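This report refers to the structure that appears directly beneath it.
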Amino acid sequence: MQESFRISSDSNDEATRICRNSQNFRLSRYAIEKGFRFIMMTKEQYIESLRKLNLNLWMFGKKIDNPVDDPVIRPSLNSFAATYEAAEDPENEDLMVATSHLTGNKINRFTHMHQSTDDLIKKVKMQRMLGQKTAACFQRCVGMDAMNAVYSSTYEIDEACGTKYHENFVKFLTRVQDEDLAVDGAMTDVKGDRGLAPSKQADPDLFLHVVERTADGVYVTGAKAHQTGFVNSHEVLVMPTIAMREGDEDYAISFAVPTDSKGITLIYGRQSCDTRKLEEYNDIDVGNKVYGGHEVLVIFDRVFVPNDRIFLNGEVKFAGMIVERFAGYHRQSYGGCKVGVGDVLIGATQLAVEMAGCAKASHVKDKIIEMVHLNETLYACGIACSSQGSKTKSGNYLINLLLANVCKQNVTRFPYDIARLAQDLAGGLMVTQPSEADYRNPELKPYIEKYLKGVASVPTEDRMRVLRLIENMTMGTAAVGYLPESMHGAGSPQAQRIMIARQSNMEQKKALAKAIARID
């Protein structure tokens with residue numbers, strides 16, 4: 001790993017020198033004025049640290065030796081790097097920086113264990129801010145949510161079973177915080193026959209499981225699907241994918257290993273319009289050229305996990321606890337990140353109607369208002385489940401699970417409505433305008449400039465850029481992180497409905513009605 005900043009209050013001159021050399025004056029202000037010990041990576045250090053990874057990554061049938069500079073992958077890296085860059089900005093200190101309850105050091109909030117409802121609320125606000133900055137999935141939420149879920153779960157498993165999983169996890173977490181590592185959370189198995197338990201599958205590898213136990217650790221085989229941000233992460237934190245029962249002991253496994261561990265193979269997910277990034281003229285047509293997201297299929301083929309990296313190993317009755325808590329945290333996350341992306345889409349739509357000269361029409365204004373209403377409703381749900389959170393036995397805070405599931409249930413619907421309204425207002429030109437290659441052709445450009453003109457004061461190229469951005473966010477590569485992810489990320493819509501039914505406390509509601517109706 002690249003050396004991280006380690007600054008204490010008794011090394012002011014050294015702190016200032018290091019910070020000035022890195023052009024990061026915020027670090028020296030923390031160290032000198034507040035006396036904090038500060039350990040974080042800069043955006044540049046993070047990017048360079050990824051170059052040291054030896055990932056076994058495949059895309060379009062070919063092995064990718066340098067993911068960092070690959071034109072298809074780089075936008076997703078930029079989105080992840082934004083979580084480091086934002087922490088360097090003094091204006092973001094309150095949202096991006098937290099104090100480790102383990103060491104007292106200042107750390108990136110993405111490695112923090114929530115210590116209050118205020119931390120839960122700041123998490124959602126941070127995610128909205130980063131969604132606004134990238135207009136894409138910035139990928140680091142999964143690891144943060146996984147770590148918080150496993151932290152509290154291991155504490156309670158140890159309490160019940162006399163194991164040392166929490167001690168193992170705290171050791172892992174301390175290193176993650178000290179080195180400001182990027183962690184991917186891996187829960188979703190490919191599942192095979194959905195009607196069968198993990199241990200009843202015709203192919204046992206369709207759920208990740210232990211294939212051999214040794215005195216030093218275990219070997220695991222299987223696959224994790226839809227893995228957001230794996231290529232841009234240093235570590236992967238693996239969790240069970242469903243609640244389990246007797247007979248599924250080999251599948252009740254949670255652990256962390258480096259993303260480039262021997263036996264891990266990555267197959268990059270295909271996205272709509274992804275090869276536009278490879279075209280000579282890709283400045284306009286890509287829509288969002290700087291930022292993006294990615295998903296990969298992660299294959300584990302006899303990957304070794306040392307004993308001190310194991311956080312669950314056969315205790316089937318606790319698998320469901322990890323699943324439920326991770327899902328709750330991640331469903332809360334969508335009330336922040338998707339709202340930030342929605343802010344950008346609403347802004348682009350407003351620009352499109354202004355450029356077309358129809359922004360003052362009453363039906364247009366009403367549709368824009370509806371987009372804002374839907375987006376802010378999602379945010380309200382994210383804030384609500386955070387403000388109603390509670391302390392776990394381990395000390396970190398868990399969101400209100402009922403409200404988190406209500407939040408995510410709305411996320412499976414409202415972004416689609418927002419996208420539909422955006423496409424409605426953008427008009428057909430969003431998908432029928434000529435390519436940038438045509439626009440750059442000297443013979444064709446005058447025609448395109450003339451016939452794609454909207455309001456006279458707006459350059460035609462600007463209008464094309466806005467329309468391509470809307471296309472990208474509702475149909476292209478960014479749409480993967482906004483729409484299908486809104487539907488299936490953190491569980492499908494039915495998963496939330498099951499949890500809403502379970503958390504609804506129906507007996508209490510019946511008792512309230514009986515009291516009013518005077519029924520004994």
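Computed from a predicted structure; not experimentally measured. Values below: all heavy atoms of this structure, side chains included; hydrogens, waters and symmetry mates excluded. Count residues from 1 along the sequence.
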On a heavy-atom basis, which atom in Thr117 and which in Gly389 lie closest, and how many Å separate them?
CG2-O, 3.6 Å

Determine whether Leu266 and Asn56 make a side-chain contact, defined as any pair of heavy atoms from C-beta on separated by less than 4.5 Å.
no

Do Met59 and Asp70 make a side-chain contact, defined as non-hydrogen atoms from C-beta onward lying under 4.5 Å apart?
yes

Can you list the steps and then say if Val124 with Tyr379 is a side-chain contact (heavy atoms from CB on, under 4.5 Å)?
CA-CA 8 Å; Val124 174; Tyr379 184 58; 3.9 Å; yes

Going through the distances and angles, do Gln177 and Lys106 end up as a side-chain contact (heavy atoms from CB on, under 4.5 Å)?
CA-CA 9 Å; Gln177 292 183 345; Lys106 287 294 174 177; over 6 Å; no

Are side-chain heavy atoms of Ile299 and Ile267 found at a separation under 4.5 Å?
yes

Is the shortest heavy-atom distance from the side chain of Leu345 to the side chain of Thr349 under 4.5 Å?
yes

With Thr241, which residues qualify under side-chain hydrogen bond (donor to acceptor under 3.5 Å, both in side chains), at least two apart?
none

Test item: Ser492 side-chain N/O and His488 main-chain N/O as donor-acceptor pair under 3.5 Å:
no

Is a side-chain donor or acceptor of Ser233 paired with a backbone partner of Glu235 at a separation under 3.5 angstrom?
no

Answer yes or no: is there a donor N or O on one side and an acceptor on the other, between the side chain of Arg74 and the main chain of Val68, under 3.5 Å?
yes

What distance separates Lys360 NZ from Glu354 CD, expressed to the nearest 0.5 Å?
10.0 Å

Do Asn108 and Thr111 pair up side chain to side chain, a donor and an acceptor below 3.5 Å, judged on atom types alone?
no

Among side-chain atoms of Asn232 and Ser76, is any donor-acceptor pair under 3.5 angstrom?
yes

From Met40 atom CE to Glu179 atom CD, the distance as rounded to the nearest 0.5 Å
14.5 Å

Show your working on side-chain contact (heavy atoms from CB on, under 4.5 Å) between Met113 and Leu173 and close with a plain yes or no.
CA-CA 9 Å; Met113 298 297 99; Leu173 175 63; 3.6 Å; yes

Walk me through it: do Asp94 and Lys125 pass the test salt bridge (Lys or Arg N to Asp or Glu O under 4.0 Å)?
CA-CA 10 Å; Asp94 188 49; Lys125 290 182 176 180; over 6 Å; no

Could you tell me if the side chain of Tyr281 sits less than 4.5 Å from the side chain of Ile284, heavy atoms only?
no

SB check Asp274 Arg270 (cutoff 4.0 Å)
yes

Tell me whether the guanidinium CZ or amine NZ of Lys445 lies under 6.0 angstrom from the six-membered ring centre of Tyr439 and within 45° of its axis.
yes

Residues two or more places apart in sequence or in another chain: which of them pass side-chain hydrogen bond (donor to acceptor under 3.5 Å, both in side chains) with Asp366?
none

Enter the distance from Leu237:CG to Ile322:CD1 here, rounded to the nearest 0.5 Å.
8.5 Å

With heavy-atom distances below 4.5 Å as the criterion, would you say the side chains of Leu53 and Leu50 are in contact?
yes

State whether the number of non-hydrogen atoms from other residues, nucleotides or ligands found under 6.0 Å of Lys62 atom NZ is greater than 12.
no

Evaluate side-chain contact (heavy atoms from CB on, under 4.5 Å) for Ile383 paired with Ser386, printing each intermediate quantity in order.
CA-CA 5 Å; Ile383 295 296; Ser386 304; 5.6 Å; no

Centre of Tyr334's six-membered ring, under 6.0 Å away, within 45 degrees of the axis: is that where NZ or CZ of Lys338 sits?
yes

Taking the inter-plane angle between the rings of Phe80 and Tyr84 on a 0 to 90° scale, is it parallel (under 30°), tilted (30 to 60°) or perpendicular (over 60°)?
parallel

Heavy-atom closest contact (Val296 atom, Val231 atom, distance)
CG1-CG2, 3.7 Å

Under 3.5 Å, is there a donor-acceptor pair between the Thr259 and His234 side chains?
no

What's the spacing between His226 NE2 and Glu295 CD if we round to 0.5 Å?
8.5 Å

Of the non-hydrogen atoms in Thr477 and Ser272, which two are nearest, and what is the gap between them?
CG2-O, 3.0 Å

To the nearest 0.5 Å, atom CG of Leu181 lies from atom CZ of Phe110 at 15.0 Å

Please confirm whether the backbone N or O of Val150 pairs with a side-chain atom of Ser153, one donor and one acceptor, at under 3.5 Å?
no

Does a salt bridge link Asp118 with Lys122, judged by any charged N lying under 4.0 Å from a carboxylate O?
yes

Taking all heavy atoms of Val72 and all of Lys277, pick out the closest pair and write down the distance.
O-NZ, 3.1 Å

Between Arg140 and Asp184, is there a side-chain N and carboxylate O pair less than 4.0 Å apart?
no

Just wondering, do Tyr482 and Thr474 contact through their side chains at under 4.5 Å, heavy atoms?
no

Looking at Tyr151, does the NZ or CZ of Arg325 lie under 6.0 angstrom from its six-membered ring centre and within 45 degrees of the ring axis?
no

Have Asn148 and Asn396 got a donor and an acceptor in their side chains that come within less than 3.5 Å?
yes

Please check: side-chain N/O of Lys123 versus main-chain N/O of Tyr329, any donor-acceptor pairing under 3.5 Å?
yes

Indicate whether the side chain of Lys224 and that of Thr188 have a donor and an acceptor atom separated by less than 3.5 Å.
no

Is a donor on one side and an acceptor on the other found under 3.5 Å between the side chain of Asn78 and the backbone of Tyr291?
no

So, Lys453 and Glu449, do they make that salt bridge, N to O below 4.0 Å?
no

Close side-chain approach of Thr99 to Asn105, heavy-atom, < 4.5 Å
no

Which heavy-atom pair separates Gln409 from Pro493 by the least distance, and what is that distance?
NE2-O, 3.0 Å

Does the Gln332 side chain pair with the main chain of Leu120, one donor and one acceptor, at a distance under 3.5 Å?
yes

With the threshold set at 4.0 Å, does a side-chain nitrogen-carboxylate oxygen contact exist between Asp285 and Arg276?
no

When you check the gap from the basic side-chain N to the acidic O, do Glu461 and Arg440 get nearer than 4.0 Å?
yes

Is the side chain of Thr103 donor-acceptor paired with the backbone N or O of Ser100 at a distance under 3.5 Å, no angle test?
no

Roughly how far, to the nearest 0.5 Å, is CG of Leu102 from CD1 of Ile107?
7.5 Å

For Glu376, which residues count as a side-chain hydrogen bond (donor to acceptor under 3.5 Å, both in side chains) partner, sequence neighbours excluded?
Arg128

Quick one: closest heavy-atom pair of Gly328 and Leu401, and the distance?
CA-CD2, 3.8 Å

Ignoring hydrogens and geometry, is there a side-chain-to-backbone donor-acceptor pair from Gln139 to Cys137 under 3.5 Å?
yes

Arg468/Glu436 salt bridge by N-O under 4.0 Å criterion
no

Strictly distance-based, threshold 3.5 Å: is any side-chain N or O of Ser486 a donor or acceptor partner for the main-chain N or O of Pro415?
no

Does this structure show an ion pair linking Arg51 with Glu48, if we count only N-O contacts that are shorter than 4.0 Å?
yes

With respect to Met464, which candidate in Thr460, Leu467, Asp462 satisfies the side chain to side chain contact (heavy atoms under 4.5 Å, CB included) definition?
Thr460

